[in-house]
Amino acid sequence: MEPLSSWTPMRWPSGPLEAGIRQKKDRFSTELKETLERWHMPAALSFLKGSPVNCLVVSWAAGLPEDAAQQKSLGPLMEAGRREGLKFAGLITGPADKRAAMQAARSAGLQAIVAEGETPKGDLPVIPLAEVASAPWGSSPTILALAGARWPGVRGQADPRESNDINAAATHLAWIDSNIYLMQLARAQARRTPVWLMFEAPDDTILTPEAYLRAVADTGAAGAQWAVSLGTRLRSGLANGSAEALQTWRRIADALAFFPKHPEWAFFRSKAVLGVLSDFAGNNQMLGEEMLVLLARRNLPFRVILRSAAATADLTGLKAILCLDQETPDGAARQRLASFVEQGGLLLASEKWGREGAPAPGVNNPRFDVRTLGKGRLAVLKESSPDPYLVARDAHFLLDRVNDLLRFYNISTTICRFISAGGGKPDVLQFVNFARRDPADGIPLWLHDSYRTARLWSLGDNAAATVKLSPELGGVTAQLPSVPIYGALELS
Amino acid sequence: MSDQVSRRQVLSVLGAAALGLSRPRAAFTMSAPAGTVAIGKCRTYDRAAVLSTLQTAFDQLGGLGRLVKGKTVSIKLNLNGGPNRRLGYLPLEESHFPHPVLVGAAMQLMGKAGAQRVRLLECAWAPSTAPLEDHLMEAGWDWRLLLGTVPKVEFENTNFLGTGKKYSRFKVPFGGFLYPAYDLNHCYEDCDVFISITKPKDHSTCGVTLGMKNVFGTTPLTLYGSGVGVDKDNEIKELPNNGRMEILHYGRRQPSSLVLPEIDPQSSRNDGYRIPRCIVDLVAARPVHLTIFDAVLSMAGGQGAGLRSVQTKPGLIVVGNNPVSSDAVMTALMNYDPAADKGQTPFTTCDNTMALGESVGLGTRDLNRIEVAGAPIKDNICDYLALRKARQPRPGPGFETKRST
């Protein structure tokens with residue numbers, strides 16, 4: 001069997017169990033009911049031919065009366081799928097009897113189980129399904145299925161459930177849901193564990209093909225794989241053989257094929273001058289994760305530093321560290337951070353850190369008490385519950401935009417991931433454009449480093465295009481063309 | 001060089017306002033003061049070239065020392081549009097932002113002439129409330145390079161209270177066209193000299209945007225921004241995202257009760273009527289002592305990067321000591337007629353701001369009365385008029401094209 005890590009998963013909602021689950025929710029339409037039934041039939045698999053998808057994640061057990069019927073009725077679908085080379089992973093959720101469900105899965109010939117929480121030991125591979133904070137990172141899972149990911153897009157554009165009146169932030173910048181920050185948090189936990197993101201397409205809005213492509217791109221740029229989950233409308237169209245639906249699927253499949261051609265990008269390290277240190281748990285989880293979201297929205301690349309690893313973390317290249325946890329690092333970790341400041345770094349800390357050094361002359365920040373300490377600066381929050389948006393902005397300002405690694409122009413709807421393999425290999429800047437309309441202008445991208453060559457990959461490309469670089473402000477400006485969905489700029 | 005337009009002078013010609021603007025074209029208000037405008041050729045932003053050109057221009061106006069020695073100078077920059085919106089791939093300062101080299105050179109000369117403090121001011125693009133330095137850095141300026149040009153250099157984003165504790169109220173000496181007074185950030189009051197630095201550009205509402213129009217951007221969004229509370233200001237975090245459209249542009253509502261309401265809420269709501277009047281109110285209330293045009297490189301077709309905009313290369317630095325006269329000369333250098341009336345290019349849908357300013361005695365737009373020093377106008381025209389004629393009509397919905405830059 002091919003290793004699990006080579007699987008390209010797709011969520012396959014079908015059959016009586018899925019109907020049972022969804023009946024309990026709103027919007028259980030006739031269309032949805034019929035689609036679940038039709039996707040339970042072997043004929044539904046036909047559109048997958050030639051696509052990169054090679055693993056279907058089927059609903060297997062949820063502790064509902066429909067579990068048995070589901071497992072029994074999946075037989076024809078799985079048999080037809082296996083003939084086409086597909087693998088099947090059974091999703092076990094809720095109060096299901098995991099032992100029984102896993103035995104049934106083994107008997108039915110499933111290749112793996114995706115399950116929440118503790119699972120009984122067995123010889124069937126288990127892919128843990130969990131949120132970042134509770135995932136069993138220490139058990140070195142072969143793959144981890146990450147819950148808590150969001151449908152990527154501009155808030156209010158793709159997800160009206162979130163209320164259209166909050167589609168813009170205080171900055172007037174559109175609020176973007178992206179999973180890139182989430183994956184950076186995951187990568188800090190386990191650098192090389194392959195991750196599936198388990199988010200579903202919203203059913204209460206009309207999704208354009210481009211919305212699906214952005215979902216693929218955002219996940220790929222994050223260094224994860226999307227367990228592809230299509231909306232009911234598209235699944236219905238595919239079941240009906242709609243030409244439009246098939247065309248959309250082909251575009252999605254082409255996009256899915258792009259990232260496996262660049263597998264190393266998933267595991268490159270973040271190229272950053274700012275470290276964000278936290279345990280991202282308990283009382284610190286909300287502020288810690290919010291900071292990652294807001295920094296990502298500013299296109300300010302960061303590196304996640306787990307508090308548990310602070311004493312030994314690699315701080316190379318960092319100019320500043322943001323550490324807002326209520327419990328400040330102690331012992332060796334605190335010494336490490338103090339040393340970082342002494343040697344010229346900037347530490348932005350919660351008020352719990354305490355005030356050291358002398359007030360920095362000429363700096364009057366409304367939220368941070370900025371002090372000089374050794375060759376560096378210590379910025380201590382003046383209050384315990386600061387506005388995260390303003391803190392992110394202050395962090396950027398105090399870090400100093402002189403240290404910006406990049407600046408996008410003519411586009412305000414990007415989220416990026418800047419990564420580096422080191423060792424003389426090209427840096428890669430991946431970015432997703434969430435704008436609904438194609439940008440009419442080219443995109444000037446200023447880069448701090450004086451790169452000599454730049455090659456742009458777009459979604460689905462088999463070859464990269466050369467991008468002109470021109471010197472500007474000590475770095476270079478890449479003259480990117482209009483990039484409607486995704487770009488990956490290889491910089492040497 | 002004299003401080004050409006003081007509030008006292010404005011008051012002295014109040015009667016001119018009553019004359020209105022319905023006179024025949026080129027019937028200039030003879031009582032309006034005439035300034036001196038110096039035109040210097042400068043093809044590049046090479047620091048030495050810019051310094052030399054500016055120094056000559058200032059000398060032609062009588063020298064900077066008389067104006068700035070021992071004084072606090074506030075400079076209103078014209079950082080129009082967001083800091084991350086470029087005209088094609090051009091750096092902002094090569095199209096619509098004043099170039100930092102020019103601003104730095106002007107400050108250096110002010111320092112040399114004895115200025116004690118220079119404040120760089122701008123209502124940094126709504127609704128950003130970041131410090132102005134942050135805004136400048138995002139635009140690609142390194143503000144630290146400006147430090148040391150004068151003994152004290154300060155920056156303030158004047159879109160809100162900033163470092164002040166209260167807003168300063170500027171009464172319009174002649175009573176005002178639109179409002180009797182405007183409340184602005186304290187930096188516009190706490191200075192001895194006020195300077196407008198801008199690039200010459202076309203403007204969709206006002207025909208052209210020049211030194212006077214730059215002053216429109218002194219109005220804080222906390223008070224004049226869309227969505228402001230009826231009886232409270234906009235909190236900094238709540239600054240609106242469509243600027244001054246509701247209140248100042250279209251008069252769809254009155255501003256917060258914290259500031260004085262409009263003089264005549266029944267007057268035209270057309271922004272081609274309102275904005276020129278608002279500008280003149282502001283320039284009368286907050287006199288501009290010096291206008292500096294960064295016309296080395298600029299743009300036509302709009303005030304900010306847009307589909308219809310193109311870069312221009314006038315190759316000039318123009319400095320004037322009267323806001324109306326300075327704008328008139330710059331308008332002529334753009335190959336437009338500063339004496340044109342409403343309905344005539346470039347004021348096809350608006351009143352001529354210079355004419356309004358002249359009518360209340362701010363300065364003359366009569367080129368025959370304005371002393372032009374340095375390079376002659378006729379030999380240095382950058383033909384914005386031809387560019388305007390060559391542009392396609394304004395695109396409607398669905399129009400998609402790419403400009404060439």
Side-chain angles (χ1 to χ4, degrees), chain A residues 167-174 298-300 362-367 387-390 392-404 406-414 437-446 448 467-482, chain B residues 81-94 100 125-145 147 152-154 162-163 221 225-227 234-243 305-309 395 398-405:
Chain A
N167 62 359
T171 56
H172 90 116
L173 291 174
R298 299 181 73 85
N299 282 319
L300 175 57
V363 182
N364 183 21
N365 188 285
R367 277 156 296 277
D387 181 321
Y389 166 74
L390 294 173
R393 198 188 71 185
D394 287 344
H396 198 170
F397 182 63
L398 290 170
L399 165 64
D400 198 332
R401 283 183 177 273
V402 158
N403 294 310
D404 278 356
L406 60 103
R407 291 180 203 135
F408 280 101
Y409 292 91
N410 294 352
I411 189 169
S412 60
T413 47
T414 51
R437 293 181 185 169
D438 287 358
D441 279 323
I443 303 170
L445 167 64
W446 179 82
H448 180 276
V467 171
K468 184 180 176 186
L469 297 174
S470 54
E472 187 180 335
L473 292 171
V476 291
T477 293
Q479 298 185 1
L480 298 174
S482 167
Chain B
N84 47 23
R85 182 80 178 122
R86 290 186 172 190
L87 179 59
Y89 299 110
L90 293 171
L92 289 143
E93 59 269 21
E94 292 185 15
W125 171 245
S128 170
T129 55
L132 185 58
E133 297 95 312
D134 198 46
H135 189 85
L136 294 172
M137 289 295 288
E138 193 172 0
W141 285 37
D142 188 349
W143 54 272
R144 270 161 296 220
L145 298 176
L147 301 178
K152 198 165 186 182
V153 178
E154 297 172 358
T163 57
L221 286 181
S226 304
N234 266 319
E235 291 177 26
I236 289 171
K237 280 175 59 189
E238 295 171 349
L239 289 184
N241 62 13
N242 63 345
L307 286 174
R308 290 152 52 85
S309 311
F399 179 88
E400 288 180 4
T401 187
K402 289 185 181 180
R403 65 162 177 273
S404 59
T405 55

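Convention: sequence-line order gives letters A, B, ...; per-chain numbering from 1. The model shown is predicted, which means the values in this text are computed figures rather than measured ones.
Across every non-hydrogen atom of Thr477(A) and Pro444(A), the tightest pair is CG2-CB, 4.0 Å.
Both the backbone and the side chain of Gln479(A) have a heavy atom closer than 4.5 Å to some heavy atom of chain B. If you measure heavy-atom distances from Asp404(A) to chain B, you find no contacts under 4.5 Å at all. Residue contact with chain A, scored on non-hydrogen atoms closer than 4.5 Å, involves the backbone and the side chain of Asp134(B) alike.
The side chain to side chain donor-acceptor pair (under 3.5 Å) check on Asn403(A) picks up nothing, with sequence neighbours excluded.
The pair Glu138(B)-Arg393(A) does not count as a salt bridge, with every side-chain nitrogen at least 4.0 angstrom from each carboxylate oxygen.
The closest side-chain heavy-atom distance from Leu445(A) to Tyr409(A) is not below 4.5 Å.
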